[in-house]
Amino acid sequence: MANILALLAASSAFLALASAGNVVCYFTSWTIYRPDNGKFTALDVDPTLCTHLLYAFVGLRDDGVVSVLDDWEITGLDEMNHLMSLREKNPDLKIILSMGGWNEGSYKYSTVAKSAALRATMVQSVLNFTDVWGFDGFDLDWEYPCQRGGADEDKVNFVTLLGELKSALNAKGKTLSAAVSGGIASCKLSYDIAKVAENLDMINVMAYDFHGAFEPFVGHYAPLYASHLDQTDEQKTLNVAAGIQYWLDEGAPPSKINLGLGTYGRGFALADPTNTSLYAGTYGGSDAGPYTREMGVIGYNEVCELYSDWDYFWDDEQQVPHIVKGNQWLGFDDPKSIQVKVEFANEKNLGGVMVWSLDTDDFRGICGKGPYPIMNAIKQTIK
Ligand SMILES: *[C@@H]1O[C@H](CO)[C@@H](O)[C@H](O)[C@H]1NC(C)=O
Ligand SMILES: *[C@@H]1O[C@H](CO)[C@@H](O)[C@H](O)[C@H]1NC(C)=O
């Protein structure tokens, strides 16, 4: 008997050690159209680096039905089946359907969430879509309730919608997650955090985009901690640690929270190239990169492949890097800052991390540290 108990104790200790945290990875379907080394397809995913793979994105129709945003990508390029085939290399991989994103806006979600009939249609459509394609769960990226065309009543309706989705999905053994804001002001507008947390299996906190070319001054898109140059109370909370602490303080269980990490960055054109300080004036976003092709945004793969000769700075307070050349200032995450952030998630006993997104890591291993240096830093650090 004592032996059996010892054996049980030993095996449960082993299980506790063996079950590392979540690594929830977004796969972005549109990156298949990027040029040259930037082109990223489902078959470029290394499914051993993630516990969950989220297909971004499907949309929502006004009548509550799931809509495929790029039909050719699924029917012509067969990407959905390529995605599902990744289970052959990692049978434990959970593949999850993600709906929404910034470009979907908020209005349709607000409309569907306030009508019992439209919510029922949406739940049925999500169940059908996930069954037909073989998804293990559903992820809702409504950006954001009560904002961007949403209404005040969204705060309550969002919880109702999540509750109905969760009951229906859990009954089929599927999970429900959501991407939520990591900005405290935005959270106050959008969420009843304790109730949101009750109605989700995983909470993916988007702990990034705190600063960017939407502001007329230099700021890092995802500092871990505040800088002494942050002056106002709001400025002091525009960082990863403060955002996560807010979710915890408002009652979200740490085990449900996945800390959102970026494999990208945001940059500026400096007004005065000699002033590269935080809060220095800017003339808009940095030049577009050749792969991500968007002003003010840059992928880590672009930074390491194309800008390795720029001046590199590490901010000891914020625990993140930036690079500068001429009037260009780019703040981003690299394997070093990602490791520090994962250690932070470990210390806070979070469920794990979420990563936006696989396509801007150095997935080809062009920069000399092997394929996926950021994802590997996560895998080696997460507990
Ligand atoms: C179920 O989903 C499939 C694939 O998207 C679609 O073709 C079919 O019309 C859906 N059926 C219902 C009843 O919604
Ligand atoms: C850089 O810009 C900041 C913000 O405007 C200002 O406070 C600081 O004095 C400037 N530094 C230099 C060296 O010009």
Side-chain angles (χ1 to χ4, degrees), residues 102 143-144 147-148 181-189 205-246 259-290 292-300 302-341 344 356 360:
W102 182 261
E143 298 183 21
Y144 299 98
Q147 304 187 51
R148 306 186 62 225
S181 176
I184 295 176
S186 179
C187 288
K188 284 181 178 164
L189 289 173
V205 180
M206 295 186 280
Y208 39 69
D209 297 343
F210 294 104
H211 297 287
F214 43 86
E215 294 171 326
F217 51 80
V218 170
H220 196 283
Y221 90 113
L224 178 52
Y225 300 112
S227 160
H228 73 282
L229 295 170
D230 294 323
Q231 300 288 320
T232 66
D233 286 344
E234 199 197 356
Q235 287 168 355
K236 289 175 190 168
T237 66
L238 290 173
N239 57 74
V240 173
I244 293 295
Q245 196 57 50
Y246 186 74
L259 167 61
L261 304 170
T263 60
Y264 67 99
R266 290 184 178 276
F268 306 86
L270 297 165
D272 169 3
T274 67
N275 191 349
T276 63
S277 162
L278 294 176
Y279 296 105
T282 56
Y283 290 143
S286 52
D287 297 341
T292 51
R293 296 180 291 183
E294 186 182 343
M295 266 184 80
V297 174
I298 203 74
Y300 174 71
E302 291 167 316
V303 168
C304 82
E305 181 185 338
L306 305 166
Y307 310 142
S308 61
D309 60 332
W310 293 25
D311 293 325
Y312 178 99
F313 302 88
W314 176 264
D315 188 307
D316 277 326
E317 290 180 310
Q318 297 192 322
Q319 294 284 299
V320 282
H322 65 269
I323 55 174
V324 178
K325 186 177 184 184
N327 75 342
Q328 299 284 297
W329 191 108
L330 307 178
F332 56 98
D333 274 291
D334 63 4
K336 180 178 174 183
S337 64
I338 289 289
Q339 182 185 329
V340 178
K341 287 178 176 179
F344 172 86
W356 181 272
T360 46

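Remember, it's 1-based here, ligands and their atoms both numbered in the order they're listed.
Under a 4.0 Å criterion applied to the non-hydrogen atoms of Tyr279, ligand 2 contributes the atoms 4 (C), 5 (O). For ligand 2, the atoms lying closer than 4.0 Å to a non-hydrogen atom of Asn275 are 1 (C), 2 (O), 3 (C), 8 (C), 10 (C), 11 (N), 12 (C), 14 (O).
The only option from Glu317, Gln319, Gln318 that meets the side-chain contact (heavy atoms from CB on, under 4.5 Å) definition with Pro223 turns out to be Gln318.
Proximity of Tyr300 to Glu305: side-chain heavy atoms (C-beta onward) are nowhere separated by under 4.5 Å.
Per-atom contact check: atom 5 (O) of ligand 2 touches the protein, criterion being a heavy-atom distance below 4.0 Å.
Centroid-to-centroid, the aromatic rings of Tyr221 and His211 stay 6.0 Å apart or farther.
The residues Lys325 and Asp311 are annotated as not salt-bridged, no charged nitrogen and carboxylate oxygen being separated by less than 4.0 angstrom.
Not a single N or O atom of Ser277, backbone or side chain, sits closer than 3.5 Å to an N or O atom of ligand 2.
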